[in-house]
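Data first, discussion second: the structure below is written as C-alpha coordinates.
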Amino acid sequence: MLLLPFNTFIFETYNSPKEIETIFKENTILQDEFVLSFMKMAEHQDKKFIGVINENSFHLARVIPYSTSSLPVLEGLVEAKGDGSKITVKMGLNKLMRIFMPFIFAIMAVFSIGMYSGLIQTSLFGGKALLPTLFLIGSYYFMMHTYNREVKRTKQALTDLLGVK
(Lines give C-alpha, C1' and ligand atoms only; values in the text may rest on other atoms or scores of the structure.)
Protein backbone atom coordinates (compact mmCIF):
# COMPACT_ATOMS: atom_id res chain seq x y z
CA MET A 1 0.00 0.00 0.00
CA LEU A 2 1.48 3.31 -1.09
CA LEU A 3 1.11 6.48 0.91
CA LEU A 4 1.42 8.63 -2.21
CA PRO A 5 -0.41 6.98 -5.10
CA PHE A 6 0.65 7.11 -8.72
CA ASN A 7 -0.39 5.29 -11.88
CA THR A 8 1.36 4.68 -15.19
CA PHE A 9 -0.50 4.02 -18.44
CA ILE A 10 0.80 3.35 -21.94
CA PHE A 11 -1.35 4.18 -24.95
CA GLU A 12 -0.56 3.23 -28.53
CA THR A 13 -2.20 5.05 -31.41
CA TYR A 14 -1.91 5.30 -35.18
CA ASN A 15 -1.53 9.09 -34.93
CA SER A 16 1.93 10.57 -35.40
CA PRO A 17 3.57 12.48 -32.53
CA LYS A 18 2.82 15.74 -34.39
CA GLU A 19 -0.88 14.80 -34.67
CA ILE A 20 -0.95 13.93 -30.95
CA GLU A 21 0.52 17.35 -30.14
CA THR A 22 -2.16 19.01 -32.29
CA ILE A 23 -4.97 17.01 -30.63
CA PHE A 24 -3.72 18.01 -27.19
CA LYS A 25 -3.29 21.69 -28.11
CA GLU A 26 -6.82 21.89 -29.55
CA ASN A 27 -8.31 20.45 -26.35
CA THR A 28 -6.15 22.11 -23.68
CA ILE A 29 -6.14 25.44 -21.87
CA LEU A 30 -2.49 26.20 -22.62
CA GLN A 31 -0.17 27.63 -19.97
CA ASP A 32 3.48 28.67 -20.02
CA GLU A 33 4.05 26.96 -16.67
CA PHE A 34 1.82 24.28 -15.14
CA VAL A 35 -0.46 25.71 -12.45
CA LEU A 36 -3.57 23.88 -11.28
CA SER A 37 -6.18 26.66 -11.53
CA PHE A 38 -9.81 25.77 -10.84
CA MET A 39 -10.80 29.37 -11.72
CA LYS A 40 -9.36 29.01 -15.23
CA MET A 41 -11.12 25.66 -15.54
CA ALA A 42 -14.46 27.31 -14.75
CA GLU A 43 -13.87 29.84 -17.55
CA HIS A 44 -12.99 27.20 -20.18
CA GLN A 45 -15.38 24.26 -19.82
CA ASP A 46 -15.09 23.67 -23.59
CA LYS A 47 -11.55 22.27 -23.12
CA LYS A 48 -10.74 18.83 -21.67
CA PHE A 49 -7.36 19.59 -20.07
CA ILE A 50 -5.26 22.43 -18.65
CA GLY A 51 -1.48 22.57 -18.72
CA VAL A 52 1.73 22.69 -20.72
CA ILE A 53 2.33 20.90 -24.01
CA ASN A 54 5.77 20.61 -25.56
CA GLU A 55 6.81 18.86 -28.75
CA ASN A 56 7.13 15.38 -27.21
CA SER A 57 5.85 15.81 -23.65
CA PHE A 58 3.01 17.28 -21.64
CA HIS A 59 2.06 18.20 -18.07
CA LEU A 60 -1.73 18.34 -17.70
CA ALA A 61 -4.76 18.07 -15.44
CA ARG A 62 -8.33 17.34 -16.49
CA VAL A 63 -10.74 20.30 -16.64
CA ILE A 64 -13.60 19.69 -14.21
CA PRO A 65 -16.63 21.77 -13.14
CA TYR A 66 -15.84 21.20 -9.44
CA SER A 67 -12.69 21.36 -7.31
CA THR A 68 -11.01 18.40 -5.64
CA SER A 69 -7.61 17.92 -4.09
CA SER A 70 -7.54 14.37 -5.50
CA LEU A 71 -7.41 15.46 -9.14
CA PRO A 72 -4.49 13.59 -10.73
CA VAL A 73 -1.77 15.49 -12.53
CA LEU A 74 -0.56 13.89 -15.77
CA GLU A 75 3.00 13.88 -17.03
CA GLY A 76 3.41 12.30 -20.42
CA LEU A 77 5.94 11.45 -23.06
CA VAL A 78 5.07 10.92 -26.74
CA GLU A 79 7.37 8.74 -28.83
CA ALA A 80 7.16 7.66 -32.47
CA LYS A 81 6.53 3.94 -32.79
CA GLY A 82 6.15 2.31 -36.20
CA ASP A 83 3.29 4.00 -38.05
CA GLY A 84 1.98 5.72 -34.94
CA SER A 85 2.90 6.81 -31.44
CA LYS A 86 3.46 5.42 -27.98
CA ILE A 87 2.23 7.69 -25.19
CA THR A 88 3.46 7.01 -21.66
CA VAL A 89 1.38 8.80 -19.02
CA LYS A 90 2.20 9.01 -15.30
CA MET A 91 -0.61 10.18 -13.02
CA GLY A 92 -0.04 11.33 -9.47
CA LEU A 93 -1.23 13.77 -6.83
CA ASN A 94 -0.61 17.49 -7.21
CA LYS A 95 2.30 19.07 -5.31
CA LEU A 96 0.18 20.47 -2.49
CA MET A 97 -1.30 17.05 -1.69
CA ARG A 98 2.11 15.36 -1.94
CA ILE A 99 3.27 17.69 0.85
CA PHE A 100 0.06 17.82 2.91
CA MET A 101 -0.74 14.09 3.06
CA PRO A 102 2.50 12.84 4.65
CA PHE A 103 2.46 15.82 7.03
CA ILE A 104 -1.09 15.26 8.33
CA PHE A 105 -0.67 11.48 8.42
CA ALA A 106 2.58 11.82 10.38
CA ILE A 107 0.88 14.07 12.95
CA MET A 108 -2.00 11.61 13.35
CA ALA A 109 0.39 8.63 13.54
CA VAL A 110 2.52 10.31 16.24
CA PHE A 111 -0.62 11.17 18.20
CA SER A 112 -1.92 7.58 17.87
CA ILE A 113 1.41 6.05 18.91
CA GLY A 114 1.63 8.49 21.82
CA MET A 115 -1.79 7.47 23.07
CA TYR A 116 -1.10 3.75 22.78
CA SER A 117 2.34 3.91 24.36
CA GLY A 118 1.16 6.02 27.30
CA LEU A 119 3.12 9.15 26.35
CA ILE A 120 -0.18 11.00 26.04
CA GLN A 121 -2.52 10.44 28.95
CA THR A 122 -5.53 8.64 27.49
CA SER A 123 -7.60 9.14 30.63
CA LEU A 124 -8.02 12.77 29.53
CA PHE A 125 -9.80 11.57 26.41
CA GLY A 126 -11.94 8.85 27.97
CA GLY A 127 -13.15 6.40 25.34
CA LYS A 128 -11.99 8.67 22.53
CA ALA A 129 -8.42 7.34 22.47
CA LEU A 130 -9.10 5.47 19.22
CA LEU A 131 -10.26 8.57 17.33
CA PRO A 132 -6.84 9.61 15.95
CA THR A 133 -6.24 6.11 14.59
CA LEU A 134 -9.72 5.89 13.11
CA PHE A 135 -9.30 9.35 11.59
CA LEU A 136 -5.96 8.29 10.08
CA ILE A 137 -7.38 5.14 8.51
CA GLY A 138 -10.60 6.83 7.39
CA SER A 139 -8.93 9.82 5.79
CA TYR A 140 -6.45 7.61 3.92
CA TYR A 141 -9.29 5.43 2.62
CA PHE A 142 -11.33 8.50 1.59
CA MET A 143 -8.35 10.08 -0.19
CA MET A 144 -7.51 6.84 -2.05
CA HIS A 145 -11.16 6.34 -3.04
CA THR A 146 -11.53 9.86 -4.46
CA TYR A 147 -8.12 9.70 -6.14
CA ASN A 148 -8.92 6.35 -7.83
CA ARG A 149 -12.31 7.69 -8.98
CA GLU A 150 -10.59 10.72 -10.54
CA VAL A 151 -7.92 8.49 -12.17
CA LYS A 152 -10.69 6.47 -13.88
CA ARG A 153 -12.37 9.63 -15.15
CA THR A 154 -9.08 11.13 -16.32
CA LYS A 155 -8.01 7.93 -18.09
CA GLN A 156 -11.40 7.77 -19.82
CA ALA A 157 -11.11 11.42 -20.94
CA LEU A 158 -7.62 10.70 -22.28
CA THR A 159 -8.67 7.55 -24.18
CA ASP A 160 -11.68 9.40 -25.65
CA LEU A 161 -9.46 12.27 -26.75
CA LEU A 162 -6.81 10.05 -28.32
CA GLY A 163 -9.30 7.59 -29.79
CA VAL A 164 -7.67 4.54 -28.23
CA LYS A 165 -9.04 1.68 -26.12
Side-chain angles (χ1 to χ4, degrees), residues 1-108 134-165:
M1 181 163 52
L2 294 172
L3 179 61
L4 296 175
F6 68 92
N7 301 81
T8 302
F9 300 103
I10 297 175
F11 300 99
E12 292 187 3
T13 178
Y14 291 111
N15 295 327
S16 71
K18 198 68 176 160
E19 291 171 321
I20 297 294
E21 181 184 0
T22 302
I23 290 169
F24 274 130
K25 283 187 176 177
E26 289 173 353
N27 292 283
T28 302
I29 303 166
L30 297 173
Q31 299 175 313
D32 294 329
E33 184 179 331
F34 181 76
V35 177
L36 194 56
S37 170
F38 290 107
M39 291 181 75
K40 266 193 178 176
M41 287 182 191
E43 296 170 5
H44 299 281
Q45 288 294 309
D46 57 323
K47 303 288 185 174
K48 292 191 183 278
F49 294 95
I50 184 171
V52 178
I53 299 170
N54 298 317
E55 192 173 322
N56 292 321
S57 64
F58 53 87
H59 194 162
L60 306 171
R62 187 169 52 93
V63 171
I64 54 176
Y66 52 91
S67 63
T68 177
S69 57
S70 300
L71 185 66
V73 174
L74 299 96
E75 290 185 36
L77 183 64
V78 181
E79 302 170 287
K81 182 177 181 185
D83 293 340
S85 300
K86 174 183 164 185
I87 305 158
T88 306
V89 179
K90 294 180 183 174
M91 288 190 211
L93 290 171
N94 63 61
K95 285 180 185 177
L96 179 63
M97 286 305 290
R98 282 186 284 193
I99 293 167
F100 176 75
M101 276 185 44
F103 177 73
I104 194 71
F105 288 159
I107 289 172
M108 296 310 299
L134 294 175
F135 177 77
L136 180 67
I137 293 167
S139 30
Y140 182 77
Y141 171 78
F142 178 74
M143 188 283 309
M144 288 301 292
H145 175 72
T146 56
Y147 172 78
N148 287 328
R149 185 184 64 220
E150 292 300 332
V151 164
K152 276 185 182 176
R153 291 176 179 172
T154 301
K155 184 180 179 189
Q156 186 61 51
L158 201 55
T159 54
D160 291 347
L161 182 68
L162 298 172
V164 296
K165 292 187 179 185

Quick one, Ile50 and Gln31 - any side-chain contact, counting heavy atoms below 4.5 Å? yes

Enter the distance from Glu26:CD to Glu21:CD here, rounded to the nearest 0.5 Å. 11.0 Å

For Asn54, all residues meeting side chain to side chain contact (heavy atoms under 4.5 Å, CB included), sequence neighbours excluded: Val52, Ser57

For Arg62 against Phe49, the heavy-atom pair lying closest together: CA-CD2, 3.7 Å

In chain order, what residues pass the side chain to side chain donor-acceptor pair (under 3.5 Å) check against Thr28, with sequence neighbours excluded? none

In Å, rounded to the nearest 0.5 Å, how long is the span from CD of Gln156 to CG of Leu161? 11.5 Å

Mind listing the side-chain donor-acceptor pairs of residues 75-87 below 3.5 Å, one per line with the distance, residues two or more places apart or on another chain?
residue, atom, partner, partner atom, Å
Lys81, NZ, Glu12, OE2, 2.7
Ser85, OG, Asn15, O, 2.6

Roughly how far, to the nearest 0.5 Å, is CG of Leu71 from CZ of Arg149? 11.0 Å

To the nearest 0.5 Å, what is the distance between CG (Asn7) and CG (Asn148)? 6.5 Å

Once rounded to the nearest 0.5 Å, what's the spacing between atom CG of Leu162 and atom CG of Leu158? 5.0 Å

Across all chains, not counting sequence neighbours, the salt bridge (Lys or Arg N to Asp or Glu O under 4.0 Å) partners of Lys95 are none

Examine distances only and state if a side-chain atom of Arg98 and a backbone atom of Leu93 form a donor-acceptor pair shorter than 3.5 Å. yes

What I'd like to find out is whether the side chain of Phe9 reaches to under 4.5 Å of the side chain of Val151, using heavy atoms alone. yes

Only counting residues at least two apart or in another chain, list the ones meeting ring pair (Phe, Tyr, Trp, His ring centres under 6.0 Å) with Phe58. Phe24

Check: Lys48 and Val63 side chains under 4.5 Å, non-hydrogen atoms: no

Which residue pairs pass the salt bridge (Lys or Arg N to Asp or Glu O under 4.0 Å) test with at least one member in residues 151-161, sequence neighbours excluded? Glu150-Arg153

If I compare all heavy atoms of Pro72 with all of Tyr147, which pair ends up nearest, and what's the gap? CB-CE1, 4.0 Å

Evaluate Thr8 against Val89 for side chain to side chain contact (heavy atoms under 4.5 Å, CB included), listing each step before the verdict. CA-CA 6 Å; Thr8 302; Val89 179; over 6 Å; no

Can you give me the closest heavy-atom contact between Gly51 and Leu60, atom names plus distance? CA-CD2, 3.9 Å

